[in-house]
There are 2 protein chains.
Amino acid sequence: MAGNMSKQAPVGDCVDDGLEEVVFDVFARGCPSRPTMEHVTGRWGGLVLVALADGDMRFNALRRRVDGISEKMLAQALHALERDGLVVREVRQAIPPKVEYRLTEFGGGVVERLSGLIEFIEGNMAGVLDAQERYDTAKAAEADGV
Amino acid sequence: MAGNMSKQAPVGDCVDDGLEEVVFDVFARGCPSRPTMEHVTGRWGGLVLVALADGDMRFNALRRRVDGISEKMLAQALHALERDGLVVREVRQAIPPKVEYRLTEFGGGVVERLSGLIEFIEGNMAGVLDAQERYDTAKAAEADGV
DNA sequence: CAGCATCCAAGTTGATACTG
DNA sequence: CAGTATCAACTTGGATGCTG
């Protein structure tokens with residue numbers, strides 16, 4: 001494709017042309033780390049990734065594992081993840097077709113950190129539920145007492 | 001609001017009535033950990049949270065820090081985060097008004113893990129950019145050669 | 001099985017304007 | 001300053017039907 005001169009992607013506010021040190025910063029609006037971050041943490045990407053930590057999986061197995069995801073969203077998530085180099089798609093020619101998805105090393109690193117986060121949140125959900133209740137009660141009282 | 005009987009929120013597939021052990025599971029469709037997870041990892045929530053790790057911050061300071069966020073989205077993110085008990089909103093009566101946002105202990109724990117993830121991703125972005133390039137090239141070739 | 005294409009409803013977002 | 005209200009534009013997601 002045209003306009004593909006080595007690595008100097010046009011990247012907003014967080015990277016330069018390769019002569020100086022490159023710094024990526026999710027806080028910067030145009031930084032390519034933002035989309036990647038979104039693929040990883042978005043509604044489905046993270047769940048797909050973590051599901052793959054249990055071992056390689058096929059399309060429909062993933063679909064079952066990630067409760068509530070639609071075909072379309074799963075395909076979309078897998079594409080994004082594959083493009084970012086987090087997941088590898090492996091086709092086994094056969095009938096019926098067999099396609100497996102596997103984490104790359106980078107993907108594995110992401111999953112480690114991500115599942116740490118998930119476990120931490122799951123482990124604190126009781127407190128979250130309490131906080132929500134308090135918040136809602138306070139809001140209701142406020143709406144009343146005004 | 002009506003229908004608020006103690007803690008047995010109607011929570012899909014991952015929690016019961018308090019007599020047995022409660023297990024939260026982000027993979028389950030109706031689990032309340034999912035929304036919370038989304039607030040933390042969503043487009044803005046995570047950035048707001050991590051921004052607050054630098055110290056307490058006021059509304060407009062946050063707005064400047066999180067490049068590209070709109071007023072509306074910031075307010076929305078802060079509400080969700082506050083409701084989940086990740087952030088505290090502190091009002092200082094004065095003119096002009098002064099409102100500060102601060103991480104709770106739980107919020108701090110989340111941020112630790114989240115920023116680990118962010119740093120890992122930022123640190124691997126060079127590889128991601130390469131992967132994307134390879135992916136796009138392969139796709140282009142495929143679209144051609146077919 | 002794996003997955004793309006299309007359509008459409010519903011939700012999300014951002015700009016703008018306004019309030020306390 | 002710290003928000004809320006409103007509206008139009010855009011995006012998302014899911015259901016359905018079809019292909020290899």
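Chain letters run A, B, ... following the sequence lines, proteins first, then strands; residues in each count from 1. Quantities reported herein were computed from a predicted structural model and do not represent experimental measurements.
- Nearest to the side-chain atoms of B:Pro96 among the listed nucleotides D:dC1, C:dC1, C:dG14 stands D:dC1.
- When side chains are defined from C-beta on, A:Val99 does not count as touching A:Arg58, because their heavy atoms never get closer than 4.5 Å.
- For B:Arg63 and C:dT13, the CZ to C1' distance is 13 Å, given to the nearest whole Å.
- A donor-acceptor distance shorter than 3.5 angstrom exists from the side chain of A:Thr104 to the backbone of A:Gly107, with no hydrogens or angles considered.
- For the pair A:His79 and C:dG3, the criterion of a side-chain N or O lying under 4.0 Å from OP1 or OP2 is not met.
- If you take CE of B:Met57 and C1' of D:dG3, they are 18 Å apart, rounded to a whole angstrom.
- With C:dT13, D:dG20, D:dC1 as the candidates, the nucleotide lying closest to the side chain of A:Pro97 is D:dG20.
- Comparing B:Gly68 and A:Phe59 by the nucleotide of DNA chain C that holds the closest heavy atom to each, the one mapping nearer the 5' end is A:Phe59.
- A sub-4.0 Å separation between OP1 or OP2 of D:dA2 and a side-chain N or O of B:Arg89 is absent.
- As rounded to whole Å, 18 Å separates atom P of D:dC1 from atom CG of B:Asp56.
- Atoms CZ (B:Arg92) and P (D:dA2) sit 11 Å apart, rounded to a whole Å.
- DNA chain D is contacted by both B:Lys72 and A:Ser70; B:Lys72 maps to the nucleotide lying nearer its 5′ end (nearest heavy atom per residue).
- D:dG14 atom P lies 12 Å from atom CD of A:Glu71, rounded to whole Å.
- Ranking C:dA2, D:dG14, C:dA17 by closeness to the A:Val99 side chain, first place goes to C:dA2.
- Atom CZ in B:Phe59 sits 9.5 Å away from atom CZ in B:Arg89 (nearest 0.5 Å).
- With C:dG14, C:dA2, D:dG14 as the choices, the nucleotide that has an atom nearest any side-chain atom of B:Arg43 turns out to be C:dG14.
- Following rounding to the nearest Å, B:Ile95 (CD1) and D:dG3 (C1') show an atom-to-atom distance of 15 Å.
- Residue A:Arg58 places none of its side-chain N or O atoms closer than 4.0 Å to OP1 or OP2 of C:dC1.
- With rounding to whole Å, B:Met73 atom CE is found 7 Å from C:dT12 atom C1'.
- Taking 4.0 angstrom as the limit, B:Tyr101 places none of its side-chain polar atoms (N or O) nearer than this to OP1 or OP2 of D:dC1.
- Residue A:Leu62 contributes atom CG, which lies 13 Å from atom C1' of C:dC1 at whole-angstrom precision.
- One finds the CD atom of A:Glu100 at 7.0 Å from the CD atom of A:Glu90 (value rounded to the nearest 0.5 Å).
- The structure places CD of B:Glu112 at 11.0 Å from CG of A:Leu117, a figure rounded to the nearest 0.5 Å.
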